[in-house]
Amino acid sequence: MKATLIILLLFVANLSVAQKKKDVKLELTNAIIIGQMDNSADRYSVEINMTQLFSENGIKPKASLNMMKLGSDSQQLASDSVATQTKADGFDTFVLISVRGYDKRFKSNTSNEDFLTALGRANLFQLHQPDIVSVTFEFKFYRAGKLVHNETIKCGNAGTRDKVLKKLRKKVGKKLEKSWT
């Protein structure tokens with residue numbers, strides 16, 4: 001009876017380890033960073049901070065704000081002419097960054113939406129809300145219009161907008177070193 005129980009426990013433990021998502025390297029060498037925030041100040045802050053961080057880690061970055069006119073629709077980034085231009089400039093990866101919410105229980109979105117659909121998705125959340133200390137960001141990586149990686153990053157104990165950005169830089173810096181490059 002004990003032997004059967006031990007074998008069953010080993011089998012269940014083996015299954016749970018096998019089902020865990022393996023940490024696959026993204027091999028990121030370049031990125032066009034798109035902040036999906038309705039507030040232009042939040043979008044600017046996220047894109048500039050991530051552009052600086054990616055550059056410091058040896059990744060060739062470009063902020064989408066440098067590619068579009070102020071107030072224009074971000075869906076133009078999925079057009080063929082932009083794809084041709086970005087490829088000529090040496091970029092093949094788009095990174096969409098959005099605030100997923102203010103709760104610690106968010107999981108990565110498992111839907112496999114294309115780049116145009118993701119650009120059209122609205123974002124209802126700001127970078128920081130008063131009395132909220134946890135912000136969850138979602139990072140989606142697209143190559144050739146297809147989703148290649150999706151990840152959420154949770155920033156807790158961030159009582160101010162500056163603390164949110166500081167914690168985001170710290171957590172993304174660790175991801176860049178471990179699994180994105």
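For the numbers below, each heavy atom of this structure counts, side chains included, while hydrogens, waters and symmetry mates do not.
- With a 4.5 Å cut-off on side-chain heavy atoms, K167 and N157 count as touching.
- No salt bridge links R143 with E27; every basic N to acidic carboxylate O contact stays at or beyond 4.0 Å.
- A pairwise comparison of heavy atoms in E47 and S64 identifies OE2-OG, 2.7 Å as the closest pair.
- Atom NZ of K163 has 12 or fewer neighbouring heavy atoms from other residues, nucleotides or ligands inside a 6.0 Å radius.
- Shortest non-hydrogen contact noted between P61 and F54 is CB-CB, 4.0 Å.
- Between the side chain of S45 and the backbone N or O of A41 there is at least one donor-acceptor pair closer than 3.5 Å.
- What you find for R169 and N49 is that their closest heavy atoms are NH1-O, 3.0 Å.
- Aromatic ring orientation, F141 versus W180: perpendicular (interplanar angle above 60°, classes split at 30° and 60°).
- Not one N or O on the side chain of E56 forms a donor-acceptor pair closer than 3.5 Å with the backbone of G173.
- Within the 4.5 Å cutoff, the side chain of F137 has heavy atoms near those of the V164 side chain.
- Between K62 and D89, the closest side-chain pair of non-hydrogen atoms falls below 4.5 Å.
- L127 places none of its side-chain heavy atoms less than 4.5 Å from the side chain of N39.
- In this structure the side chain of E177 reaches within 4.5 angstrom of the side chain of N57, judged on heavy atoms.
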